[in-house]
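Let me begin by presenting the structure, written as structure tokens, before commenting on it.
Nothing here was measured: the structure is a model prediction, and the numbers come from that model. Just so it is clear: chains get the letters A, B, ... in the order the sequence lines come, proteins before strands, and each one is counted from 1.
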Amino acid sequence: MIFLLLVFFAIVVWLEVPGLIRKKYWRELAVFSLFLLSTFFLSLLQLLDVRIPNPVKGIEYVIKDILRLNYK
Amino acid sequence: MLMKIEKGTISSSQLLFLAAAFVQGAALVVAFAYVVTKHDVWIIIISGLAVTLPFLWGCVSLAKSFPGQNMVQIMESVYGTFLGKGLSILFISFPFQVISHNLRFIGDFFVIYMYPKTPLVVFLILFIAVCAWAVRSGIETIARIGLVTVAITIFIDVLTFFLLLGEMEATNFLPMFELSVGDFIQGTHIMFAIPYGELMIFLMIVPYVNKIKQAKSALLWGLTIGAATLLILVVRDIAALGSLANVLVAPSFEAVRLIDIAHVITRMELLVAIVLLITVFIKISVLYYASALGIAQIFGLRTYRPLVIPIAIFSVSFSMVIYDAAAEQMYVGANIWPVYSLLFYMLPVMTMLIAKFRRLPRAQEGVRP
Amino acid sequence: MIRTFTKNHIILSLKMIVCTFLIFNVTGCWSRQEVDSISIVMGIGLDIAENSEQVRFTAQVFKPVEQKEGGREGGGGEVSFWNVESSGETVSSAVQSALHEAPRELYFSHNQIVIFGQNLAKNGILPHMDFFVREHSNRLTIQVLVAKNQAGEILATPAHLEKMPALDMRDLIEAQTEVSQSGTVNLKQIMTRLMSTTTAPIAPLIEVSEQGSEQTVRLSGTAVFKKDKLVGELDQRETRGMLWVLGEVRRGVIEVACPESGGKVALITILSKPKVVPVEEHGKVKIIIDVKEEGILGSQSCPENFSSPEKNKQLEEMKADAIHQEIRKAITKAQELNADIFGFGDAVHRKYPKLWKQLEQDWDTIFPDMEIDLAVETIVRNEGRASEPLTEE
Amino acid sequence: MIHFLKKIIQSRKMSKQVIDQGAASSSQALLSRQLAHNVERLMQVFGASNDIVLREFSFGHEGKMQGAVLYVEGLANKLLINESLIKPLMYDIHIFEGRLEVTTLEAVKSCMISLGGVEEATTLESVVDACLSGDAVLIIQGFEKALVLNTKGWEDRGVEEPKTESVVRGPREGFTENLRINTSLLRRKIKNPNLTLEPLKIGKKTKTDVCMMYLKGVVNPRLVEEIRRRLNRIDTDAIMESGYIEQFIEDAPHSIFPTVANSEKPDVVAAKILEGRAAIIVDGTPFVLTVPMLFIENFQSAEDYYSRPYFASLIRMLRFGCYGITILAPAIYVALTTFHQELIPTPLLFTLASSREGVPFPAMLEALVMLVAFEILREAGIRLPRPVGSAISIVGALIIGESAVAAGLIGAPMVIVVALTAVSSFVVPAQTDSESILRYIFLFLAGVMGGFGVAVGMLGLFIHLAGLRSFGAPYLSPLAPLSVHDQKDVFIRAPLWAMLTRPRAIGWRDPEREHFRLEPSPPDKGGKSSK
């Protein structure tokens with residue numbers, strides 16, 4: 001599975017990066033790399049069954065237990 | 001002045017259909033409101049519309065007073081670069097979250113009703129792949145699909161409505177208005193926050209309408225048509241299913257399953273699944289496009305295209321973790337999310353007020369004749 | 001412009017390919033099932049297993065017969081069904097354990113009927129009903145029946161016209177609209193009644209009857225539930241009495257005695273329309289039932305001529321009286337059983353939502369002594385083909 | 001890596017320049033005054049080809065003048081050369097004897113040669129080109145110029161009924177391989193001075209005549225400009241057929257959908273030119289290209305417009321339906337039988353289950369095998385000589401239809417589905433390539449994901465089509481950017497008197513096609529005169 005993930009990300013890089021370099025879109029490349037790296041780690045963690053903090057749980061906690069604004 | 005990333009333009013009629021399809025994409029989400037308001041859902045569909053129309057009117061007025069600028073650009077010119085970027089990130093995080101939620105809804109629907117043994121992630125990946133394709137093709141392509149989507153949706157909804165006439169009972173709506181004020185407010189809030197108010201995201205698209213003057217009426221009509229479709233849907237479901245509509249995950253799907261005319265015209269539920277698929281596709285694509293474009297603008301990029309695939313992967317990952325169970329989804333959808341989303345709905349209202357206060361659009365016009 | 005377009009296409013097609021390959025590898029072949037790898041369930045019977053508290057589950061599955069050369073199917077007399085039996089604590093576990101016996105997975109989407117055995121129905125059907133609402137492939141149009149004794153026995157009775165008993169029974173239920181003497185319900189209707197706080201669920205009763213050496217199934221009246229437990233039954237006339245109120249009499253024959261000479265007149269119902277109106281009087285509710293019926297004269301065995309307006313009127317009155325009696329009988333029975341099979345509670349709820357909040361808790365005590373006004377209006381439209389009866393002159 | 005790529009590109013450019021220069025130096029040479037020298041150089045160029053005829057002769061007063069005629073046998077009209085060129089110069093010249101001195105090239109051109117097209121050539125290259133395109137070249141001793149005489153006359157196929165687009169009602173003529181005949185066929189349809197013809201020569205080696213035709217005033221000038229740009233871009237050796245041009249100028253070369261239309265019928269091309277399109281005619285092929293192409297053109301047949309509108313509309317809708325069937329039928333069958341058995345009516349499911357019983361393959365493989373078999377049969381049927389072709393179809397029908405089912409290899413319903421698919425594919429012949437490929441894609445999606453896969457595939461297809469453009473016109477034009485007026489010619493074919501405007505995406509420069517109120521109405525009956 002991890003191998004597949006690597007292959008997938010490699011293909012994404014291979015598809016996107018040359019075009020960006022050819023057009024000299026350095027800024028775009030930087031942002032792209034930033035996003036791709038973070039998504040890569042996110043999906044890697046998911047594959048490894050690491051519990052990722054659930055943002056919805058956080059929202060629920062803030063609204064329900066701290067602010068007490070929820071309906072029911 | 002930022003360079004224009006999107007070069008395409010859409011016509012105001014395309015905007016109308018896009019907005020209508022966007023609202024129609026909420027057919028599944030109405031289930032949140034069912035839990036709260038039971039057989040009076042149709043009331044909150046209308047009251048929610050009544051609340052949303054002025055809100056949306058305000059949003060489009062804001063866009064019109066800054067012609068050619070989308071929300072991210074407006075906020076930068078209202079709040080200045082630094083604060084503007086910060087608030088833009090907040091604003092863009094909204095569609096970003098909504099994508100994942102909708103993705104999860106549609107994935108869960110297919111898993112529950114049609115593919116009980118298939119892993120959820122398969123649906124998420126395939127679906128987001130198609131959306132990514134559409135987003136990369138640009139807003140023009142998405143807009144062209146809008147009309148067909150709306151036409152198919154209305155056709156199928158009306159068709160199934162008539163085919164189900166035999167199963168319907170008017171008494172299912174009685175007693176009317178059997179809901180407390182609290183439930184009514186909550187229901188209206190749900191309708192505002194989940195299907196209707198999300199049209200706010202069209203603030204990212206309105207600048208690309210070729211005749212900006214018609215954009216306002218197009219958007220408001222789009223919302224109304226979408227709400228009318230939801231109304232047809234809800235009336236059909238309640239009339240056909242009665243109190244069962246409150247306990248089923250997808251009442252519209254179950255209602256269509258009841259169609260059986262002489263054992264010949266029967267088993268038509270695939271139609272509903274297709275309608276859901278394409279309307280949710282439009283909804284996700286618009287949100288997706290808005291977030292890709294917004295992020296590109298926040299970072300000052302010249303194209304949003306490289307961001308499309310990372311956002312797709314992010315959405316899939318995110319929608320895998322947001323809910324542990326469908327019950328939680330129901331609870332959050334009905335009770336937490338409407339409150340939470342006010343944080344984002346505040347943004348255009350606040351921007352409008354501050355822009356009025358600072359008399360911003362006029363000052364800018366003075367600078368650039 | 002052209003270049004970017006090209007590039008996009010390569011990227012996207014490649015992406016699609018990558019995605020599909022990913023999907024291929026991630027897992028095997030999930031929800032795929034060939035037609036020849038499933039058992040198509042046509043009918044389900046649920047009983048209580050002997051000597052235990054478990055559910056005995058009977059599924060009638062279609063047995064495909066391989067087509068021979070030229071497309072001709074095997075001999076006509078061949079039985080093309082198979083009843084799988086299994087038991088378990090819940091319906092789901094029983095379905096699972098059926099796979100110990102059945103080589104192919106059970107497939108419920110084409111299920112036509114569910115039969116509850118009497119013992120099981122007496123213990124309550126709600127625990128078993130949940131399966132049919134939750135499991136995705138069950139449709140709400142499934143017909144629900146209650147067996148006079150064992151459901152498995154009913155499913156084992158050979159069919160005469162259709163290939164399978166389940167199909168035969170489905171047709172039988174559909175044919176009931178011609179006589180209107182059993183209260184047929186599908187899953188949606190029974191679920192709606194179960195979800196209501198007061199309305200009592202009903203279901204048609206089915207039994208095996210011996211006709212000479214042949215066994216057949218027959219519908220005989222209606223089973224009445226209180227909440228989800230079987231409490232009693234209505235005979236065929238009482239059933240029709242109930243159906244008049246529910247507005248489900250489509251066709252039916254009412255026999256009345258000839259007023260002057262011996263013999264009977266059979267009157268056929270064409271149309272019927274009830275009106276159930278709850279009325280509040282001094283904190284008490286009363287139900288007013290108004291049934292309108294239209295029909296024709298089907299046949300008569302006496303030599304009287306009913307073609308004059310007076311006679312016709314007389315006939316109409318007699319018919320109204322007969323219907324009145326039928327409905328009264330049903331009401332009496334329902335009040336005896338204290339089961340609101342007519343949905344009067346829901347009618348009150350719809351009209352007086354506020355009052356209902358007070359009544360809802362005490363409905364069990366209100367219903368048996370409730371005042372019910374009944375009015376029946378009938379019309380005899382015509383006398384059929386013959387303008388005068390056959391008489392010996 | 002990029003540096004490396006740049007290097008490659010640069011080196012390629014340089015080598016090309018070298019070649020070009022070399023070619024220029026050899027053929028750009030001017031003719032000399034010496035006849036012998038010219039002839040020698042020409043023979044050098046042509047080498048040993050024995051279809052080159054060189055006739056040297058002397059003529060004029062006392063045979064003082066030396067001349068040579070050069071032409072290619074088979075391309076030039078021999079009779080014409082003998083009668084109108086050699087004979088006047090060698091014999092008729094004596095009529096003038098004493099009265100006129102025919103000593104200049106001008107005199108030869110104006111007095112002696114009884115041919116229509118005569119031009120002067122000064123370079124060796126133009127002489128060679130002229131020879132190879134069927135002209136005769138007259139070179140005379142003492143002059144630096146040669147005369148190029150239009151004697152083109154090779155064997156041609158006559159105007160015949162086209163094989164690909166047959167009609168029941170409508171003109172029977174079709175384009176031929178000859179560019180001139182083709183343009184004349186179009187000119188005969190549109191007798192309008194605005195019908196403009198722009199000649200071009202494409203192909204470094206073949207020098208194929210290509211000609212763009214459009215109706216000035218109706219066509220969008222930007223479209224013409226764009227076509228010209230794209231045609232001039234083509235820098236290739238050979239143009240064999242209009243398909244070569246198509247592949248060099250199309251908008252979406254990676255799409256399975258053609259964005260350039262072709263037709264063999266002058267009436268179809270004329271109608272398209274009148275709608276505001278441009279035609280590209282290539283010498284040597286009866287297939288004329290028209291651009292821009294819209295997706296709905298695949299479903300419009302010439303006959304729709306010649307027959308009455310009601311039946312035409314019905315057939316139009318049938319074609320859309322058939323397109324759907326031919327790409328989706330096997331996929332839907334597979335999706336239904338392997339994923340969504342609940343959607344099959346119960347009695348039909350019994351039949352299907354019985355017929356599938358004992359079939360050894362999964363439904364998807366079954367469908368795949370049958371579809372491939374169908375493609376094989378079709379290809380064989382096309383390639384084989386006609387008499388054998390029909391035998392193939394009989395064998396195919398027997399093997400697939402009868403034996404495979406009887407042997408229990410294939411279920412009978414699958415045969416029906418594939419047969420329906422195959423027959424439907426012939427209804428929309430213009431889309432054969434997209435049809436056969438999409439069919440497999442959808443089959444694959446259906447086999448893997450069932451109905452969801454098919455629906456996602458349809459969405460993808462729609463996105464793809466909605467994103468396509470053909471020379472600036474959105475491919476799904478009257479549908480996807482909706483144009484209400486143009487709906488008159490999509491699913492229904494409105495009466496001609498109701499189609500008042502040209503398609504919005506194409507001919508919007510001169511939108512009015514005809515005057516409205518052309519609806520015919522008989523004079524009032526029954527006494528009241530219409531006056």
### Message
Regarding B:Arg257 and C:Thr141, do their side chains bring together a donor and an acceptor under 3.5 Å, going by distance alone?
### Response
no

### Query
If you measure only the distance, is there a donor-acceptor pair under 3.5 Å linking the side chains of C:Glu360 and C:Thr197?
yes

### Task
Give, as side chain, backbone, both or neither, the part of B:Glu167 having an atom under 4.5 angstrom from any heavy atom of chain C.
both

### Task
Would you mind checking which part of C:Glu174 comes under 4.5 Å of any heavy atom in chain B, side chain (CB onward), backbone (N, CA, C, O), both or neither?
side chain

### Query
With only heavy atoms counted, which part of C:Arg170 is less than 4.5 Å from chain B, the side chain, the backbone, both or neither?
side chain

### Query
With distance as the sole test, does C:Arg104 use its side chain to make a donor-acceptor pair with the main-chain N or O of C:Ser37 at under 3.5 Å?
no

### Query
Which bit of B:Leu241 comes within less than 4.5 Å of chain C, counting heavy atoms only: side chain, backbone, both or neither?
both

### Query
Is chain C contacted by the side chain of B:Ile112, its backbone, both, or neither, given a heavy-atom distance below 4.5 Å?
backbone

#### Entry: Contact origin within C:Ser137 toward chain B - heavy atom pairs under 4.5 Å
backbone

### Query
Just by distance, with hydrogens left out, do C:Thr199 and C:Asp346 show a side-chain donor and acceptor under 3.5 Å apart?
yes

### Message
I'd like to check B:Tyr113 versus B:Glu254 (side-chain heavy atoms, cut-off strictly below 4.5 Å). Are they in contact?
### Response
yes

### Note: C:Arg139-B:Glu269 ion pair, threshold 4.0 Å (strictly below)
yes

### Summary
Most heavy-atom pairs under 4.5 Å with chain B, out of C:Glu135, C:His349, C:Lys351, C:Met191, belong to C:His349

